2 protein chains.
Amino acid sequence: MPKGDALGGFEQLVLLALAHLGDNAYGVTIRQEIAARTGRDVNIGAVYATLDRLEAKSLTRSRTGEPTALRGGRAKRYFELTAEGARALEESVRAIESMIRGLNWGELG
Amino acid sequence: MPKGDALGGFEQLVLLALAHLGDNAYGVTIRQEIAARTGRDVNIGAVYATLDRLEAKSLTRSRTGEPTALRGGRAKRYFELTAEGARALEESVRAIESMIRGLNWGELG
DNA sequence: TTCAGTTGGTATACGATGTATATGAAATGC
DNA sequence: GCATTTCATATACATCGTATACCAACTGAA
């Protein structure tokens, strides 16, 4: 990995949410996924801003879906990982895991 | 966790390095620990800047050690986690682990 | 048939975080 | 003493994270 393109913490979170959601990833579900797994109640604007930045870096791509026959069911913007995004995510997960490995929680603080 | 005090990605990395290094954590070794585990060649200035911010948030504390009898062996500034820092780190590791759990790498990209 | 109510997205601004560059200070060894 | 080595600090700027506010599209019922 060339230096300088490490993922930010929130970018990593959003990419992980995409990975879990598969073909049902759009603003609202992404936010829910993060909240459900981490307990962190993120702002929806933060999610979209980050998705835009990820797309600008070619780590994600998006398409507009069809409206659904539900009250307020307007068309969604679906997001997915690109191959490059999947690679960056794997790399970044590997990095954090190797930092976590072997920690002795008992001796901290 | 009260909203707003989530750790940044690099802050988390630095705290993890502290956790591994125990009583031998100072600028140079912290940098080495991160590089050795992640392959990421971080800038020393970035490390100190982050340590200062962590200390401002009471997640770490520091003290100045004794000079050593080595060429260039000037006094080091040692860093360690506070109890609060250890808690924040555990919390943040738990969050990322629950985001990683159950991922199916094969279906990405 | 229009408008309240609901879902979902966009714009933008700003503070926090991440990073590079440059400089400073204290020690040793010759 | 002065070059050399280790370690720390200062500063400036780019990127990321977050809040606030607003806009758009659709349904259902008056």
Side-chain angles (χ1 to χ4, degrees), chain A residues 2-15 17 21 24-35 38 40-57 59-60 62-79 88 92 95, chain B residues 1-15 17 21 24-32 34-35 38 40-57 59-60 62-79 88 92 95:
Chain A
K3 60 183 167 185
D5 56 1
L7 295 173
F10 194 61
E11 292 181 320
Q12 191 181 29
L13 236 51
V14 169
L15 290 181
L21 289 164
N24 191 35
Y26 61 98
V28 172
T29 54
I30 292 169
R31 179 195 198 188
Q32 286 172 346
E33 184 75 14
I34 295 174
T38 69
R40 190 169 154 189
D41 197 4
V42 301
N43 189 282
I44 186 65
V47 172
Y48 288 114
T50 299
L51 284 165
D52 284 345
R53 287 167 187 155
L54 288 170
E55 191 153 356
K57 291 193 276 188
L59 300 182
T60 64
S62 67
R63 67 193 166 77
T64 300
E66 294 298 307
T68 57
L70 290 173
R71 185 183 181 88
R74 68 171 288 197
K76 300 167 181 59
R77 187 172 159 211
Y78 290 101
F79 297 88
S92 127
Chain B
M1 211 165 169
K3 59 183 166 186
D5 58 350
L7 294 174
F10 195 61
E11 291 182 322
Q12 192 182 28
L13 235 53
V14 169
L15 290 182
L21 289 164
N24 192 36
Y26 61 98
V28 172
T29 55
I30 291 169
R31 178 195 198 188
Q32 286 172 347
I34 294 174
T38 69
R40 190 167 155 191
D41 198 3
V42 301
N43 190 283
I44 187 65
V47 173
Y48 287 115
T50 299
L51 285 165
D52 283 346
R53 286 166 186 156
L54 288 170
E55 192 153 353
K57 291 194 275 187
L59 300 182
T60 63
S62 66
R63 66 191 166 77
T64 301
E66 295 297 307
T68 57
L70 291 172
R71 183 186 183 90
R74 67 171 287 196
K76 300 166 181 61
R77 186 172 158 211
Y78 289 102
F79 297 86
S92 126

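All values below come from the heavy atoms of this structure, side chains included, with hydrogens, waters and symmetry mates left out. Numbered from 1 within each chain, the chains take letters A, B, ... in sequence-line order. A quick note: this is a predicted structure, and the numbers were derived from the prediction, not measured.
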Protein-nucleotide distance ([X], atom [atom1]; [N], atom [atom2]), rounded to Å:
| X | N | atom1 | atom2 | answer |
| --- | --- | --- | --- | --- |
| B:E55 | D:dA8 | CD | P | 13 Å |
| A:I30 | C:dG9 | CD1 | P | 8 Å |
| A:K57 | D:dG17 | NZ | C1' | 12 Å |
| A:E66 | D:dT27 | CD | P | 12 Å |
| B:R77 | C:dA26 | CZ | C1' | 16 Å |
| B:L13 | D:dC16 | CG | P | 16 Å |
| B:L7 | D:dG17 | CG | C1' | 13 Å |
| B:R31 | C:dG18 | CZ | C1' | 15 Å |

Roughly how far, to the nearest 0.5 Å, is the CG atom of B:L7 from the NZ atom of B:K57?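 Taking NZ in B:K57 and CG in B:L7, the distance rounds to 6.0 Å.
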For B:Y26 and B:Y78, take the angle between the two ring planes, folded into 0 to 90°, and tell me which bin it lands in: parallel under 30, tilted 30 to 60, perpendicular over 60. perpendicular
Under 3.5 Å, is there a donor on one side chain and an acceptor on the other for A:Q12 and A:S92?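 Yes, A:S92 and A:Q12 have a side-chain donor paired with an acceptor closer than 3.5 Å.
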Of the candidate nucleotides [options], which contains the atom at the shortest distance from the side chain of [X]?
| X | options | value |
| --- | --- | --- |
| A:T50 | D:dC26, D:dT18, C:dG9 | D:dT18 |
| A:R74 | D:dA24, D:dC16, C:dA26 | D:dA24 |
| B:V28 | D:dC7, D:dA3, C:dG8 | D:dC7 |

Side-chain N,O (A:Y26) to OP1/OP2 (C:dG9) below 4.0 Å: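 No.
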Please determine whether a side-chain nitrogen or oxygen atom of A:K76 lies at a distance below 4.0 Å from atom OP1 or OP2 of D:dC26. no
Residue closer to the 5' end of DNA chain C, A:G9 versus B:G73 (nearest nucleotide):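 Mapping each residue to its closest nucleotide by heavy atoms, the 5'-most match is A:G9.
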Please evaluate residues A:R77 and A:T64 with respect to the criterion side-chain hydrogen bond (donor to acceptor under 3.5 Å, both in side chains), reporting the C-alpha separation (whole Å), side-chain torsions for both, the decisive distance (0.1 Å), and the verdict. CA-CA 4 Å; A:R77 187 172 159 211; A:T64 300; over 6 Å; no
Where do B:L59 and B:L15 come nearest, in terms of heavy atoms and distance? O-CD2, 4.5 Å
Any base atoms under 4.0 Å from [X], or only sugar-phosphate, or nothing? Heavy atoms, all strands.
| X | result |
| --- | --- |
| B:Y48 | base |
| B:R40 | sugar-phosphate |
| B:I44 | nothing |

For B:G72 and A:T68, find the nucleotide of DNA chain D closest to each by heavy atoms; which residue's nucleotide sits nearer the 5' end? B:G72
